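We name chains A, B, ... by the order of the sequence lines, and we start the count at 1 in each one. Quantities reported herein were computed from a predicted structural model and do not represent experimental measurements.
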2 protein chains.
Amino acid sequence: MKIAIYQCKGTPKNVEKNLKDLQRVANSAAEQGAKLIIFPELFLTGYNIGDAAIDLAEPSDGQAAQSASNIARETNIALLYGYPERSGKSVYIAAILIDRNGQTLANYRKTHLYGSYENRSFEPGNSLVVAELEGLKIGILICYDIEFPEAVRALVFAGADFIAVPSALTKPYCRIAETVVPTRAYESQVFVSYVNRCGSEGNLTYCGNSCIIGPDGEDIVRAGSAEGIFIADVDSTAIAASRRDNPILTDLRAELYTSRVKKGLP
Amino acid sequence: MKIAIYQCKGTPKNVEKNLKDLQRVANSAAEQGAKLIIFPELFLTGYNIGDAAIDLAEPSDGQAAQSASNIARETNIALLYGYPERSGKSVYIAAILIDRNGQTLANYRKTHLYGSYENRSFEPGNSLVVAELEGLKIGILICYDIEFPEAVRALVFAGADFIAVPSALTKPYCRIAETVVPTRAYESQVFVSYVNRCGSEGNLTYCGNSCIIGPDGEDIVRAGSAEGIFIADVDSTAIAASRRDNPILTDLRAELYTSRVKKGLP
């Protein structure tokens with residue numbers, strides 16, 4: 001399955017403009033044969049926009065989601081994008097997966113909030129999700145979530161073939177995209193797609209460096225610092241071959257890590 | 001505390017020669033102010049030597065360990081080296097930590113055996129260990145063990161400041177030393193020292209690339225492909241500052257990873 005990622009600056013606080021970009025980019029990716037296109041964290045509104053993210057938050061079936069659903073149907077491609085989700089009095093950093101029929105397949109709420117801005121403004125989600133898109137089992141994480149190997153393990157044990165990670169990674173933490181993300185793919189023998197912002201937004205400078213990585217830990221595609229659509233062919237049958245080569249998941253010894261660690265001598 | 005690592009080819013099947021190297025290198029590291037020197041996996045005997053590793057295996061208080069104990073006392077430096085350990089009918093891939101008084105502080109048996117050679121020839125150990133050396137809490141892992149983030153987490157939760165990893169990493173898996181090892185340090189906010197072989201041994205070519213990495217995931221020292229002693233100053237008080245900057249360990253949500261992963265919609 002061809003999967004596209006869109007690394008971009010976005011337009012802060014302008015949902016209408018970002019939906020237009022969503023349409024343009026979805027259309028281009030579909031024309032290039034992609035079945036799914038993934039956008040960065042809080043793509044619809046911008047990330048570094050303070051309380052405006054709260055003001056612009058919408059339900060997972062709100063007006064913006066309905067527009068996105070129409071775009072998915074019109075352009076015939078599945079969409080996965082980040083947005084601030086309002087649910088009752090709470091606002092979440094969420095990512096929604098909509099199939100090419102305009103149907104919502106998954107809505108994930110970021111479970112690990114990063115730093116003071118996120119913790120002050122948003123509620124954390126309380127569950128991980130895996131959804132199936134045309135036979136591909138997709139787990140969703142958002143930015144900081146990927147730093148926790150346990151989160152990827154949980155998704156892989158639940159059957160995920162492909163971890164989609166809308167992100168807003170900033171300097172000086174670019175090492176995350178370069179070393180941590182490939183390690184997650186390798187150690188859990190799973191495809192990982194890290195879809196980051198680029199350029200600057202207020203006082204933040206994003207790392208770009210978006211990528212799709214195979215279960216052997218090797219880059220299939222990797223962006224630099226510029227905006228663009230990047231496409232990779234994701235063949236989930238490669239997972240079985242890679243796991244034969246690197247049987248980390250079957251060599252795991254769960255009982256060992258929870259038992260007491262001894263001091264010094266056996 | 002200054003800690004030295006010794007990246008080397010070693011002399012296959014020649015324990016006497018390797019003990020002479022141990023003495024020479026320990027002496028040089030001590031003269032440079034190091035308090036501990038770490039050697040690669042199965043340093044005493046060679047790694048890729050088939051059944052000879054079984055024939056040359058000794059108890060953790062055998063003749064070679066007694067020689068090493070004398071060397072530690074004479075050179076006034078703690079030693080951590082890999083060797084094949086015989087215990088009853090079993091042989092383990094072990095690593096022993098001996099302090100500068102010649103006292104054995106820890107003996108660790110590799111818990112994750114890699115591939116057909118190791119699984120055919122050796123028994124796996126069944127516990128992790130942390131030992132204290134002059135105030136520094138040292139966890140020990142051996143080569144393949146470090147690919148499991150759970151193993152490092154268990155040692156860190158048991159108080160480890162510094163993970164010592166005698167290794168025998170071969171091409172084409174050099175990516176482990178370059179991306180996985182730094183990720184382990186970063187994600188668990190702990191010092192990690194990966195001490196590898198270099199050069200060739202039979203049909204294996206080792207990666208070199210030994211390193212000591214800080215809790216922020218940055219290299220403090222990194223070898224290339226050549227033999228040598230590499231020394232880094234390890235200040236365990238840096239851990240607290242790094243954990244304030246990157247509070248991954250306190251942001252962990254253990255309950256999340258063991259709960260069921262939901263399908264699609266919340």
Side-chain angles (χ1 to χ4, degrees), chain A residues 60 87 97 104-109 111-115 124-132 139 144 147-151 153-155 157-160 173 175-176 178-180 182-184 186-187 216-218 246-248 251-266, chain B residues 60 87 97 104-109 111-115 124-132 139 144 147-151 153-155 157-160 173 175-176 178-180 182-184 186-187 216-218 246-248 251-266:
Chain A
S60 63
S87 176
L97 172 62
T104 298
L105 297 185
N107 187 64
Y108 169 69
R109 296 163 174 172
T111 48
H112 304 83
L113 296 178
Y114 178 78
N126 290 312
S127 58
L128 302 172
V129 294
V130 174
E132 193 164 334
Y144 188 40
E147 299 191 27
F148 300 82
E150 296 89 348
R153 284 277 204 256
L155 290 171
F157 289 148
Y173 301 108
R175 166 176 295 278
I176 305 291
E178 291 155 17
T179 65
V180 175
T183 299
R184 293 289 169 265
Y186 176 78
E187 77 199 3
D216 58 357
E218 299 285 338
N246 294 300
I248 298 178
D251 286 346
L252 259 173
R253 298 182 61 190
E255 80 292 353
L256 188 70
Y257 319 123
T258 50
S259 63
R260 286 180 59 81
V261 176
K262 294 193 179 157
K263 286 200 176 167
L265 300 168
Chain B
S60 64
S87 176
L97 172 62
T104 297
L105 296 184
N107 186 66
Y108 170 69
R109 296 162 173 173
T111 48
H112 304 84
L113 297 178
Y114 177 78
N126 290 312
S127 58
L128 301 172
V129 296
V130 174
E132 191 164 337
Y144 188 40
E147 299 192 25
F148 300 82
E150 296 89 347
R153 284 277 203 257
L155 290 171
F157 290 147
Y173 302 107
R175 167 175 293 278
I176 306 291
E178 291 156 15
T179 64
V180 176
T183 299
R184 293 291 168 264
Y186 175 78
E187 78 199 1
D216 58 356
E218 299 285 338
N246 294 299
I248 298 178
D251 286 345
L252 259 173
R253 298 181 61 190
E255 80 292 355
L256 188 70
Y257 319 122
T258 49
S259 62
R260 286 180 61 80
V261 176
K262 294 192 181 159
K263 287 198 177 172
L265 300 167

So, the part of B:I176 with a heavy atom under 4.5 Å from chain A: the answer is side chain
Under the 3.5 angstrom rule, does the side chain of B:T183 hit a backbone N or O of A:T179 as a donor-acceptor pair? yes
Side-chain touch B:R253/A:F148, heavy atoms, less than 4.5 angstrom: no
Smallest heavy-atom separation, B:A154 atom then A:Y257 atom, equals CB-O, 3.6 Å
To the nearest 0.5 Å, how far apart are CD in B:E150 and OG1 in A:T258? 10.5 Å
Set out, in order, the CA-CA distance, both residues' side-chain angles and the distance that settles side-chain contact (heavy atoms from CB on, under 4.5 Å) for A:L256 and B:H112, then state yes or no. CA-CA 10 Å; A:L256 188 70; B:H112 304 84; 3.9 Å; yes
Is there side-chain contact between A:E187 and B:R184, with at least one heavy-atom pair below 4.5 Å? yes
Shortest non-hydrogen contact between B:I248 and A:E147, atoms and distance: CD1-OE1, 3.4 Å
For B:Y144, is it the side chain, the backbone, both, or neither that has a heavy atom closer than 4.5 Å to a heavy atom of chain A? side chain
Provide the closest heavy-atom pair for B:N246 versus A:Y173 in the form atom of the first, atom of the second, distance. OD1-CE2, 4.0 Å
Please find the pair of heavy atoms, one from A:P149 and one from B:R153, that lie closest to each other, and give the distance. CD-NH2, 3.4 Å
